[in-house]
Amino acid sequence: MDKVVIYPGSFDPITYGHINIIERALKIFRKVIVAVSYSQSGKKPFFSMEERVGIIKEIFRRERRVVVEPFKGLLVDYVKSRNVDTVLRGLRTVADFEFELQMSLANKKMSGNIETVFMMTEDRYSFLSSSIIKDILSLGGRADELVPDVVIRRFSDRLKERKTDIVSWE
Ligand code: ADP
C-alpha cells in the first residue's frame, strides 16, 4: 500500500472499463496518478486535453488518492520526473497483450528501473473501448452502462457545438 502507480492512456473518453481498473488499483496502491497523453498514435482526439482531464477529475473528485494530470513525450521520462517506478496498464484481448508486451519491453529497454504491471479487465468490460463509446454516442445509441453521465453530457455538448460550427460555416 506504500507505492504510487502511474496509469497512462489517452482516455478519450474515460469509460467504466478504465474506472474499474483505477478502483481496483486503489486496493493495491497508495495513490494512482492518471496520466492523460496528448496524442493517440498521431490521431486527433475527440475531446481536448482540458476536457479529458476535467472529466476524470470530476469523476474522482471525492477520491483524494487519485491524481489526474496531462503528460507529453516519452512515458519513461514522465514517470521518472514523478519519481515513480511502476506503470499500470489494462488488458482486454490478445491484441492488447501483443501491443502492451511490445510497449513494456521498449520502456524496459529505455529504463531498466521501470516495471509495468497489468490488470485484467472484468469480463463485463472486456469489449469496452473509448472508440466504441464514440461510435455509439455519435450514432445516437445508449451508453449509460458504459460511461458516467458526465461523459454523455460532454459528448452531446461537443456534438451540438460541431453541428453549429458546420451550419454557421455553410
Ligand atoms: P491508450 O491509447 O494508451 O491505449 P486508452 O485510454 O485506450 O489509452 O487505454 C488506457 C489503458 O486502459 C490501456 O492499458 C488499455 O488497455 C486499458 N483499457 C482500456 N479499456 C479497458 C477496459 N474496458 N478494461 C480494462 N482495461 C482497459
Side-chain angles (χ1 to χ4, degrees), residues 3-29 31-60 63 66-79 82 84-108 110-111 114-138 141-152 154-155 158:
K3 261 192 165 315
V4 176
V5 75
I6 287 183
Y7 181 36
S10 16
F11 305 104
D12 184 39
I14 191 165
T15 70
Y16 280 136
H18 297 121
I19 292 171
N20 174 262
I21 296 285
I22 297 169
E23 284 171 347
R24 285 159 60 206
L26 285 170
K27 294 180 189 158
I28 303 170
F29 298 96
K31 181 164 139 189
V32 177
I33 303 179
V34 182
V36 183
S37 63
Y38 270 89
S39 66
Q40 192 184 21
S41 10
K43 274 194 276 168
K44 187 174 167 16
F46 179 86
F47 287 107
S48 68
M49 173 56 82
E50 291 68 31
E51 284 171 314
R52 286 179 283 149
V53 167
I55 290 170
I56 307 172
K57 281 191 174 165
E58 186 167 336
I59 292 166
F60 287 100
E63 180 50 82
V66 173
V67 171
V68 189
E69 56 183 36
F71 90 94
K72 247 190 193 137
L74 278 180
L75 178 65
V76 287
D77 293 338
Y78 166 74
V79 170
R82 288 285 165 272
V84 173
D85 59 13
T86 314
V87 170
L88 172 67
R89 297 283 288 175
L91 285 179
R92 285 162 295 186
T93 57
V94 176
D96 272 354
F97 174 81
E98 286 186 9
F99 174 76
E100 296 291 345
L101 175 69
Q102 196 179 19
M103 282 301 295
S104 66
L105 292 178
N107 287 337
K108 195 88 187 149
M110 286 182 280
S111 176
I114 295 177
E115 292 295 344
T116 307
V117 297
F118 296 97
M119 207 174 252
M120 284 299 195
T121 184
E122 269 185 20
D123 56 0
R124 60 193 160 136
Y125 300 129
S126 60
F127 68 95
L128 185 51
S129 68
S130 300
S131 319
I132 281 179
I133 290 301
K134 285 179 279 195
D135 287 346
I136 294 176
L137 291 178
S138 55
R142 285 190 60 174
D144 45 326
E145 288 181 11
L146 309 177
V147 287
D149 284 351
V150 55
V151 171
I152 298 175
R154 297 278 166 88
F155 195 92
R158 265 336 221 116

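None of the values given here were measured: they were computed from a predicted structure. Counting begins at 1 with the first residue of the sequence. One-based numbering, in listed order, for ligands and for the atoms of each.
Geometrically, ligand 1 and G9 share no nitrogen or oxygen pair separated by less than 3.5 Å. For ligand 1, one of its N or O atoms has an N or O atom of H18 under 3.5 Å away. Every N/O-N/O distance between D12 and ligand 1 stays at or above 3.5 Å. An N or O contact shorter than 3.5 Å is missing between S130 and ligand 1 by distance.
Residue S37 places every heavy atom at 4.0 Å or more from ligand 1. At least one heavy atom of E100 sits closer than 4.0 Å to an atom of ligand 1. Heavy atoms of F127 stay at 4.0 angstrom or farther from ligand 1.
With rounding to the nearest 0.5 Å, the separation of CG in L75 from CZ in R89 is 8.0 Å. Between I6 atom CD1 and D85 atom CG the span is 9.5 Å, to the nearest 0.5 Å.
A distance-only check finds no donor-acceptor pair linking the side chain of E63 to the backbone of F60 [under 3.5 Å]. A donor-acceptor pair under 3.5 Å links the side-chain atoms of S104 to the main chain of L101, judged by distance alone. R52 places a side-chain N or O within donor-acceptor distance of the main-chain N or O of F47, the cut-off being under 3.5 Å.
Atoms of ligand 1 lying under 4.0 Å from at least one heavy atom of F11, given by number and element, are 6 (O). Of all atoms in ligand 1, numbered sequentially from 1 with element shown, those under 4.0 Å from a heavy atom of Y125 are 22 (C), 23 (N). Less than 4.0 angstrom separates some heavy atom of D96 from each of these atoms of ligand 1: 16 (O). Close approach of ligand 1 to R89 (heavy-atom distance below 4.0 Å) involves ligand atoms 1 (P), 3 (O), 4 (O), 10 (C), 11 (C), 13 (C), 14 (O). Ligand 1 places these atoms under 4.0 Å from at least one heavy atom of P8: 10 (C). Close approach of ligand 1 to T121 is summarised as follows: ligand atoms under 4.0 Å from at least one heavy atom of the residue are 22 (C), 24 (N), 25 (C).
Contacts between I21 and ligand 1, counted as non-hydrogen atom pairs separated by less than 4.0 Å, involve the side chain only. When heavy-atom distances to ligand 1 are checked against a 4.0 Å cut-off, R92 comes that close only through its side chain, counted from C-beta outward. When heavy-atom distances to ligand 1 are checked against a 4.0 Å cut-off, Y7 comes that close only through its side chain, counted from C-beta outward.
The minimum heavy-atom distance between T86 and V5, with the atom names listed, is O-CG2, 3.4 Å. Closest of all the heavy-atom pairs between P13 and S130 is O-OG, 2.8 Å. Nearest heavy-atom pair across Y38 and P70 is CE1-CB, 4.1 Å.
Counting heavy atoms only, G90 comes closest to atom 15 (C) of ligand 1 of the residues S126, S131, G90.
Between K134 and D12 there is a salt bridge, with a side-chain nitrogen of the basic residue lying less than 4.0 Å from a carboxylate oxygen of the acidic one.
Residues meeting the salt bridge (charged side-chain N to carboxylate O under 4.0 Å, His left out) test with E58, sequence neighbours left out: R154.
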For E69 and Y78, run side-chain hydrogen bond (donor to acceptor under 3.5 Å, both in side chains): C-alpha distance rounded to whole Å, both residues' side-chain angles, the deciding distance at 0.1 Å, then the answer. CA-CA 11 Å; E69 56 183 36; Y78 166 74; 2.7 Å; yes
